Number of protein chains: 2
Amino acid sequence: MKFTISEENHIKGVYHLQQQTGLVNTNALACEMQTKAASVTDMLKKLKLKKILQYEKYKGFKLTEMGKKIALSIIRKHRLWEYFLTVKLGFDWAKVHAIAEELEHISSEELIQKLDDFLGNPSFDPHGDPIPDSFGKIPTIKQYNLMQLPIKKKAIVSSVSNQSAQMLEMLKHYKIGIGTPIQITKHFLFDGSLEVKILKNTTCILSEQVAKNIFVYYE
Amino acid sequence: MKFTISEENHIKGVYHLQQQTGLVNTNALACEMQTKAASVTDMLKKLKLKKILQYEKYKGFKLTEMGKKIALSIIRKHRLWEYFLTVKLGFDWAKVHAIAEELEHISSEELIQKLDDFLGNPSFDPHGDPIPDSFGKIPTIKQYNLMQLPIKKKAIVSSVSNQSAQMLEMLKHYKIGIGTPIQITKHFLFDGSLEVKILKNTTCILSEQVAKNIFVYYE
DNA sequence: ATTTATTTTTAGATTTGTCTAAATTTATTT
DNA sequence: AAATAAATTTAGACAAATCTAAAAATAAAT
């Protein structure tokens, strides 16, 4: 089945929200999509008709199995293109998201399969987010946010959840990126801030607010 | 200035037609665009307003200088993507056009500049069509792949699109490189293979698969 | 349990790009 | 030059995707 760009964006938006909340409501999606509630309602009717989501008036909605499959295929495209843009074209990781938002709507399945092979079938994009395979399966590793990481335990930065420009700029300054080895050397109980050693490099202090948006894995 | 996909496609269509005819007429463009004359008229009004084309009712139309610049930037994108799809992703050249029709509308200028560099600033796409540079300047010689070269016609090897190690090794063995004078002496219809004379040197047999990756020019 | 507030949906308008059918302009033929 | 044909444009309609403003349903508060 074929979808418009707007439909695809809505499907992706629902997927994103239902990851956290289970059932999604109209206002939340309107906010996520930077549009109005009335427009969302219109789109919901269309997507229900196409059996992309289960939707009862006034009662919230969520994707059907088919809807989920479509969402994952769009996310797969998005993340493969992000990988291409940073690793092959040398883009700064802060810039790739907007371009991938366009590229993810290119329709050819064969293109994505060949791109995947060309990139060496990566499992994670440059932000550390997992890239679903062609069946929609998502690779998993146990991730912990920095606040949960035991003190002195060596770990690898795997992703960053708050991708605001300010956040990315700060991490760039500290030379913290995906794959950076890291270790907590002190935990200040007063304000929850952490002293963090970027291995083979300097040490810095991160606030709790920042730390809980940085994810790592170990072993 | 920003354009919709439909506007961009019409600009490209006008450019293509005016290459041959100078002034373009409504029906011709309608045919080119697989649409109706009335729809073309609507679009012409819009593009005239945006100063993309000179247009007098009932009297035909052609692109302004600005219109030409835009057309060339779209053609540039199209051909760079075609190059990417064949040379980097290994697509069959027959399949790349449709995909490039979508990719050419991705808007980022930085993307195209980086893609161009990544591909090594190629001058011709895999069909031998010239790729305009970022100023809209078009390289002049036309390239043909060996399958398209008329028999007995003397030509010069100008580029090789499939740069796999095996390919390069084979070419090295036959002493075929950029600038090598070459001539087709026989075309075996059975399997599409060619008997090729490397001038001032030996003769060899090249499979169709190899031949279509070797580009030449003549005169 | 009413009233008030919030959320969601409907109703109707707008924009973009397309269409058909009719009218108009230009070109061709007799 | 008048009649006919072809090309082009206008007028009006339609679908998609959005919006505003008002109505309806649900949730929260007194």
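So you know, we letter chains A, B, ... as the sequences are listed, proteins then strands, and number each from 1. As the structure is a prediction and not an experimental result, all values here were calculated from the model. FYI, side chains are in, hydrogens and waters are out, and symmetry mates aren't considered; it's all heavy atoms of this structure.
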Rounded to the Å, how far apart are [X] [atom1] and [N] [atom2]?
X: A/Gln34; N: D/dT18; atom1: CD; atom2: P; answer: 13 Å
X: A/Tyr55; N: C/dT7; atom1: OH; atom2: C1'; answer: 11 Å
X: B/Leu44; N: D/dT10; atom1: CG; atom2: P; answer: 11 Å
X: A/Tyr58; N: C/dT6; atom1: OH; atom2: P; answer: 17 Å
X: A/Asn25; N: C/dT7; atom1: CG; atom2: P; answer: 8 Å
X: B/Glu8; N: C/dT16; atom1: CD; atom2: C1'; answer: 16 Å
X: A/Leu29; N: C/dT7; atom1: CG; atom2: P; answer: 15 Å
X: A/Asp42; N: C/dT14; atom1: CG; atom2: P; answer: 16 Å

Reckon [X] touches a base, only the sugar-phosphate, or nothing at all at heavy-atom distances under 4.0 Å?
X: B/Lys45; result: sugar-phosphate
X: B/Phe61; result: nothing
X: B/Thr26; result: sugar-phosphate

Q: Would you mind telling me which of B/Gln18, B/Gln54, B/Lys69 makes a side-chain contact (heavy atoms from CB on, under 4.5 Å) with B/Leu63?
A: B/Gln18
Q.
Is there a side-chain contact between B/Met1 and B/Met66 in this structure, where contact means two heavy atoms from C-beta onward sitting under 4.5 Å apart?
A. yes
Q.
Measuring only between side-chain heavy atoms, which start at C-beta, is B/Lys2 closer than 4.5 Å to B/Ser107?
A.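 B/Lys2 reaches B/Ser107 side chain to side chain.
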Q: Return the nucleotide paired to C/dT30: Watson-Crick means purine N1 to pyrimidine N3 with N6-O4 or O6-N4, wobble means G-U with N1-O2 and O6-N3, both under 3.5 Å.
A: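 Answer to the pairing question: D/dA1, which forms a Watson-Crick or G-U pair with C/dT30.
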Q. Which one is paired to C/dA13, where only Watson-Crick or G-U wobble pairs with both distances under 3.5 angstrom count?
A. D/dT18
[X] side-chain proximity, nearest of [options]:
X: A/Ser6; options: D/dT9, D/dT10, D/dT18; result: D/dT18
X: A/Ala38; options: C/dT18, C/dA11, C/dT8; result: C/dA11
X: B/Thr35; options: D/dT10, D/dT8, C/dT18; result: C/dT18
X: A/Lys36; options: C/dC19, D/dC19, D/dT9; result: D/dC19
X: A/His10; options: D/dT10, D/dT18, C/dT9; result: D/dT18
X: B/Met43; options: C/dT9, D/dT8, C/dT18; result: C/dT18
X: A/Lys57; options: D/dT18, C/dC19, C/dT10; result: C/dT10

Q) Under 4.0 Å: is that the gap between some side-chain N or O of A/Thr41 and OP1 or OP2 of C/dT9? A)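 Answer is yes, contact under 4.0 Å.
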Q. OP1 or OP2 of C/dT8 less than 4.0 angstrom from a side-chain nitrogen or oxygen of A/Asn27, does that happen here?
A.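 The answer is yes; a side-chain N or O of A/Asn27 sits under 4.0 Å from OP1 or OP2.
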**Q.** A/Tyr15 six-ring centre to A/Lys68 NZ/CZ under 6.0 Å and within 45° of normal
**A.**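 No; the conditions do not both hold, so A/Lys68 does not lie above the ring face of A/Tyr15.
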(Q) Under 6.0 Å from the ring centre and within 45 degrees of the ring axis: does the NZ or CZ of A/Lys88 meet both conditions for the six-membered ring of A/Phe118? (A) yes
Q. With distance as the sole criterion, is a donor-acceptor pair present between the side chains of A/Glu169 and A/His173 under 3.5 Å?
A.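 A/Glu169 vs A/His173: no donor-acceptor pair found between side chains.
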